Amino acid sequence: MNDVAAKLLNRLSKAGDFLSGEELCREFCITRSAVWKHIELLRAEGYHVDAVTGRGYRLMSLTGRPVDAEVSPFLTTRRFGRKILYHGVTASTNIVAKSLASDGLPEGCVVAADSQTGGRGRMGRTWVSPSGVNLYFSLILRPELPSIRVPQLTLLVAAAIHHALSIIVPGIVPMVKWPNDILINGRKVCGVLCEMQSEPDFTHFVVVGVGINVNQSEMPPELRDSATSLFAETGSLFSRPELLASFLNNFEPLYDAWLQEDDLGFILPYLERYSLLQSKQVTVDQLKRTISGTVCGIARGGELMLDGADGQTILISSGEAHLHKENYT
Ligand code: BTN
């Protein structure tokens with residue numbers, strides 16, 4: 001969508017009523033036929049715009065896509081999400097965002113897609129990304145910090161998503177599964193994939209990729225036991241633009257606070273309160289070893305803390321934690 005069409009959409013959306021062609025001409029410094037041309041563009045993109053002689057134009061319905069014009073009315077941020085680059089379909093928003101970040105796109109820009117053909121998860125997994133139902137987006141960050149601190153971002157993002165879900169979806173109890181999953185009733189509803197380009201003492205950029213199963217009604221058979229969506233859990237449909245904005249609204253102040261702090265200490269009480277693994281027996285698979293123990297917390301650096309068999313506390317900085325099914329509550 002071009003800039004004028006996006007601004008026109010924003011204006012019509014905020015007005016919620018008829019706006020005369022004349023008013024729009026004046027406001028956007030364009031001719032009547034240019035207004036008409038842009039209204040036609042909006043219609044071609046799926047927006048239902050009424051045109052009534054003598055009254056003007058009225059926006060009848062939005063598309064529910066995570067585009068600038070539909071997200072911005074919900075935003076309270078200063079930087080995050082103020083520019084959203086939307087793709088109807090793309091391979092992976094993380095791949096697009098990494099390339100744009102390499103080209104210099106500033107912190108706070110978001111790449112969002114309606115569907116992905118090569119959505120990627122952690123450990124080389126795929127992220128199933130059907131169109132029209134879920135949220136797939138990547139946020140560009142440029143933290144002026146050594147790269148050793150960057151892995152903490154995954155948990156910070158998880159906390160912000162958890163909070164956004166708690167606000168937008170009443171009656172659910174999402175849980176954070178260290179380090180990057182959000183689950184509802186034992187099934188995964190959201191995953192986070194952070195990727196960075198860095199040198200040891202300098203971080204060029206981080207791309208925070210988030211996938212949230214929002215309105216998907218059917219999970220593919222192979223995911224039915226392990227994945228869910230907000231719709232599957234509640235029977236209600238949710239606004240993708242509002243959920244994206246809510247995440248960004250929650251995350252920006254958390255991120256700014258984290259930049260000022262030395263670690264995740266300030267958010268640990270929240271993370272431990274909603275940690276699915278807290279006080280549970282887990283097995284963590286790492287590349288070259290498997291470690292078992294009882295989870296006794298999350299360390300300030302974001303590591304999972306286990307009480308090992310010999311009574312020592314083990315700090316786990318990466319890996320996949322497995323929990324017995326009866327513990328998924
Ligand atoms: C995981 O749980 O393994 C992480 C999943 C991350 C999926 C999101 S969808 C948007 C962004 N683009 C991708 O290709 N992956 C992330």
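Bear in mind that the values here come from a model prediction, so they are computed numbers and not experimental data. Whatever order the structure lists ligands and atoms in, that order sets their numbers, starting from 1.
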Would you mind running through ligand 1 and noting each atom that sits below 4.0 Å from a heavy atom of [X]?
X    : answer
F137 : 10 (C)
N180 : 1 (C), 2 (O), 3 (O), 4 (C)
V192 : 4 (C)
G119 : 14 (O)
V210 : 8 (C), 9 (S), 10 (C)
G121 : 1 (C), 3 (O), 4 (C), 5 (C)

(message) For atom 9 (S) of ligand 1, what's the nearest protein heavy-atom neighbour? Residue, atom name and distance, please.
(response) Q116 NE2, 3.4 Å

(message) Starting from atom 5 (C) of ligand 1, what is the nearest protein heavy atom, named by residue and atom, and what distance separates them?
(response) W127 CE3, 3.4 Å

Report the part of [X] (side chain from C-beta onward, or backbone N, CA, C, O) that has a heavy atom under 4.0 Å from ligand 1; answer both or neither where that applies.
X    : answer
M123 : neither
I95  : neither
D181 : side chain

(message) If only side-chain N and O atoms count, and only distance matters, is there a donor-acceptor pair under 3.5 Å linking Y270 with H162?
(response) yes

(request) Check whether the side chains of Y86 and E70 place a donor and an acceptor atom closer than 3.5 Å, and report yes or no. (result) no

(message) Here's a test for you: under side-chain contact (heavy atoms from CB on, under 4.5 Å), which of L306, V284, D307 qualifies with I314?
(response) L306

Consider every N or O of [X] and every N or O of ligand 1, then say whether any pair is closer than 3.5 Å.
X    : result
Y136 : no
R125 : no
R120 : yes

Is the closest basic N to carboxylate O distance between [X] and [Y] below 4.0 Å?
X    : Y    : result
R149 : E261 : no
D50  : R43  : no
E40  : K37  : no

(request) Please confirm whether the backbone N or O of S131 pairs with a side-chain atom of D114, one donor and one acceptor, at under 3.5 Å? (result) no

(request) Check whether any side-chain heavy atom of D17 lies under 4.5 Å from a side-chain heavy atom of L19, and answer yes or no. (result) no

(request) Would you indicate which of E195, K188, R122 comes nearest to atom 2 (O) of ligand 1 when only heavy atoms are counted? (result) K188

(request) Indicate the ring-plane relationship of Y255 and F251, choosing parallel, tilted or perpendicular according to the 30° and 60° boundaries. (result) tilted

